Amino acid sequence: MRLILALFLATLLSIQAEDYMTLHVDATDLTRGLLTSEMEIHTSDTEIVMWYPKWIPGIHGPRNPVENLGGVYFYSEKGEKLKWHRNSHEPFRFICKLDQDTKKVRIKLRYICNQPNGNSTGVDSYGNSQMGVINWNTVLLYPAWKNNQIKVRTKLTLPKGWKYASALQTKSQEKQTITFKTTTLEELIDCPLICGQYFRTVDLKVNNFPPHYLHLVAESSSDLNIPEKLIQKYRRCVQQAQKIFFKPHFREYHFLVFMSNRLPSMGLEHLSSSLNGIGEKDFFNAWSLKGWVGSLLPHEYVHSWCGKYRRPIGMHTPDYHSNKDTRLLWIYEGLTTYLGEVLAVRSGFLTPEEYIPRFTRKLNYLMKQTGRSWRPLEDTCVCTYTLRQRSKNWGVWRRGQDYYDEGLLLWLEIDTMIRHRSFGEKSLDDFCIQFFGKGNSGQALAFDLLEVYQILDNIVQYDWKNFIEGRIKEPKDKLPLNLVNLCGYRMIYTNKASRYLQELQRRRKYIDASDSLGILFSYDGQIRKIIPGMVGDQSGIAPGMQVTGINGQKFTVSNLENAIANSIVTGKIELLVFERYTYKILTLKYDGGAKYLHLERVPNSPDMLTKILRPVK
Ligand SMILES: [Zn+2]
């Protein structure tokens, strides 16, 4: 009996000992945009099936760039090259026959960096002579008979002199080869790495919270000298997040930032880190820091709680090939967009006064998404990755990934409803404490809509199910606008654009006549966008057409502005439009002059928006 037990234990131990794979990524050629990797996997079968990861968290789609593999090689234990083939219906699935003696298979991959597909920007790998970004999902195959909990022993060899940062824990380093502590496949893929010649780590330590670091890789050493004031804002961001979420579920948090004009701008969330790509000088540019760049790190940071720790049940899959149900992205991305923007203002990236015209523009954009009449918000979640690319023409009918900004509006509305219904006693902060404070394990926790309804109902009793389902599941002719009033504001139109919109138009070289004519013009007269049902649409003009003249004069920005302003007197605007070989005159019957949406305070009502945006003491 004792012998049998000993044999059983020995077998168990040997199984456990082999229940892992090794991965060695050679990044010495990353300077030329190439990565190679080598894996070892134990098997007792005579055929192995391996997956190239397909659905990568964060991009919400089956778009890991399998098309960029530049070499796949299988070897037997004796070192002989083995034949493999791909599943004829599934380009991510590799099959290889083994001989009886092979118990350990070696696989080599070569990956071509710097050419993301329309969806893979945030999960791809990049490299140039100065810096690199490694997403492990691009350089590995995993056994089909295992899930994402298989253990991986990972090594990485970097170009000479390069430094690196990642949420992975380093076990040892010998010259340029780093050995990381063993992780699960899930943890590995969730921990991208940045590396480069010009590298800096800033400690963002705050009291009573785990260590936080801001890691920078840049194209030149001078770009690493970011202003001290900016560092203070990121430290404040961590402090303010602490006041929203209270409970961390990570051991450490790493903001990974690469600053380059040669690599794409991007952001991608992870549990203990975020990967952020910005332009070389963005951290020195006040305009960028009040816009996308300023809200980038707060947004990805919020995701550590919203999306990574608390994950929609249909997206909490045990591997990288099962399909995901993305219907709850209006929470995953919508609540994150809301909290991320609130956090950016509370951290001091912009003032509430600077935020309001930016918010107004979002609201105006969504008001004009006429596709809402056939496509409810939830459908934009289901179709998430198919909507990643902007529709060049008639995007208002197709809609985009509207669950980000329309999700933001919905959560702002929920926040203000809680505040009003509880007479100022409660807010969305109470929801955040209960929702994100659940559990203790540090492992991702799945949620469903029922849990969301229950927590909201605990805070303020209301028919949240009916309210939310009405917002997300039903097509609508108009964007619900109750939230404007709930925030303490009303919508007005004036003949002058906000200073923010004026500056935006100047920088992006377009004229926004969407509130007057229902048209967006490029500075050169190209039609960028038409709003269905408005006067431009009724004139028969189409996206992409070229306006060459206006009211008998050459098309220029000032002639267009004058024509719109003078329409009060003339009652019409004539556009000379060129299309292919012909010119034609289109007459817009319009007498409203210049028109721009603004939000104005309703006197003697509480200013909820500013109250929400104020830093928490
Ligand atoms: Zn996001």
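Quick caveat: nothing in here was measured; it's all calculated off a predicted structure.
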Decide, yes or no, whether a salt bridge links [X] with [Y] under the criterion of side-chain N to carboxylate O below 4.0 Å.
X    : Y    : result
K473 : E469 : no
K104 : E40  : yes
E378 : R327 : no
E341 : R346 : no

Examine [X] together with [Y] and report whether their ring centres are nearer than 6.0 Å.
X    : Y    : result
W330 : W411 : yes
Y309 : F436 : no
Y301 : H212 : yes
W84  : F94  : yes
W305 : H249 : yes
F447 : F435 : yes
F209 : F245 : no

Grab the two heavy atoms, one from [X] and one from [Y], that are nearest each other, plus how far apart they are.
X    : Y    : value
W145 : H42  : CZ2-O, 3.6 Å
W374 : R398 : CZ2-O, 4.0 Å
L30  : C113 : CD1-SG, 3.8 Å
L82  : C96  : CB-SG, 3.7 Å
A27  : I134 : CB-CD1, 4.0 Å
A446 : H316 : CB-CD2, 3.7 Å

Any chance you could lay out the salt bridge (charged side-chain N to carboxylate O under 4.0 Å, His left out) test for K308 and E269, step after step, and finish with the verdict?
CA-CA 8 Å; K308 300 307 292 188; E269 65 275 18; 5.8 Å; no
[X] versus [Y]: any side-chain heavy-atom pair under 4.5 Å?
X    : Y    : result
T386 : T384 : no
V152 : T22  : no
P192 : W136 : no
L193 : H215 : no
D282 : L289 : no
K54  : P62  : yes
W464 : I414 : yes
I150 : P143 : yes

Quick one, Y142 with N147, criterion side chain to side chain donor-acceptor pair (under 3.5 Å). Give me CA distance, side-chain angles, the key distance, then yes/no.
CA-CA 8 Å; Y142 70 96; N147 60 22; over 6 Å; no
My understanding is that only one of R471, K476, R399, R375 makes a salt bridge (Lys or Arg N to Asp or Glu O under 4.0 Å) with E406; could you say which?
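Result for salt bridge (Lys or Arg N to Asp or Glu O under 4.0 Å) with E406: R399.
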Interatomic spacing from [atom1] in [X] to [atom2] in [Y] - rounded to 0.5 Å:
X    : Y    : atom1 : atom2 : answer
L409 : N482 : CG    : CG    : 11.5 Å
Q169 : C191 : CD    : SG    : 9.0 Å
L268 : S274 : CG    : OG    : 9.0 Å
D26  : T36  : CG    : OG1   : 4.0 Å
H60  : D325 : NE2   : CG    : 13.0 Å
Y332 : R311 : OH    : CZ    : 7.0 Å

Could you go step by step and tell me if K324 and T317 meet the side chain to side chain donor-acceptor pair (under 3.5 Å) rule?
CA-CA 7 Å; K324 288 181 194 285; T317 46; 2.7 Å; yes
Among L275, L296, L204, find the residue that satisfies the side-chain contact (heavy atoms from CB on, under 4.5 Å) test when tested with F255.
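One option only clears the test, and that one is L204.
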[X] atom [atom1]: more than 12 heavy-atom contacts under 6.0 Å:
X    : atom1 : answer
K155 : NZ    : no
Q461 : CD    : no
R93  : CZ    : yes

Under 3.5 Å side-chain donor-acceptor pair for [X] and [Y]:
X    : Y    : value
S37  : H24  : no
T170 : Y164 : yes
N68  : Y111 : yes
T336 : H303 : yes
T182 : K151 : no
E300 : N276 : no
T326 : Y385 : no

Identified side-chain hydrogen bond (donor to acceptor under 3.5 Å, both in side chains) counterpart of Q401 within the set E333, Q389, R388
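Option passing the side-chain hydrogen bond (donor to acceptor under 3.5 Å, both in side chains) with Q401: R388.
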Please identify which of these residues, N135, N137, T138, meets the side-chain hydrogen bond (donor to acceptor under 3.5 Å, both in side chains) condition with N64.
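Filter result, single survivor: N137.
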For residues 240-250, pull every pair meeting salt bridge (Lys or Arg N to Asp or Glu O under 4.0 Å), keeping only residues two or more places apart or in separate chains.
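Not a single pair qualifies under salt bridge (Lys or Arg N to Asp or Glu O under 4.0 Å).
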Please assess R310 against E451 for the test salt bridge (charged side-chain N to carboxylate O under 4.0 Å, His left out), listing each intermediate value before the final yes or no.
CA-CA 11 Å; R310 297 310 316 270; E451 184 190 339; 2.8 Å; yes
Using side chain to side chain donor-acceptor pair (under 3.5 Å), reason through Y73 and R106 one step at a time and then give a plain yes or no.
CA-CA 8 Å; Y73 311 91; R106 204 152 49 85; over 6 Å; no
Working for side-chain contact (heavy atoms from CB on, under 4.5 Å), residues L366 and D402
CA-CA 8 Å; L366 288 166; D402 288 356; 4.2 Å; yes
Using the side-chain contact (heavy atoms from CB on, under 4.5 Å) rule, take V257 and V217 through it: C-alpha gap first, then chi angles, then the decisive distance, then the call.
CA-CA 6 Å; V257 181; V217 280; over 6 Å; no
Do the ring planes of Y52 and F92 sit parallel (below 30°), tilted (30 to 60°) or perpendicular (above 60°)?
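Y52 vs F92 ring planes: parallel.
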Answer yes or no: is there a donor N or O on one side and an acceptor on the other, between the side chain of N148 and the main chain of T184, under 3.5 Å?
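Side chain of N148 to backbone of T184: no pair is present.
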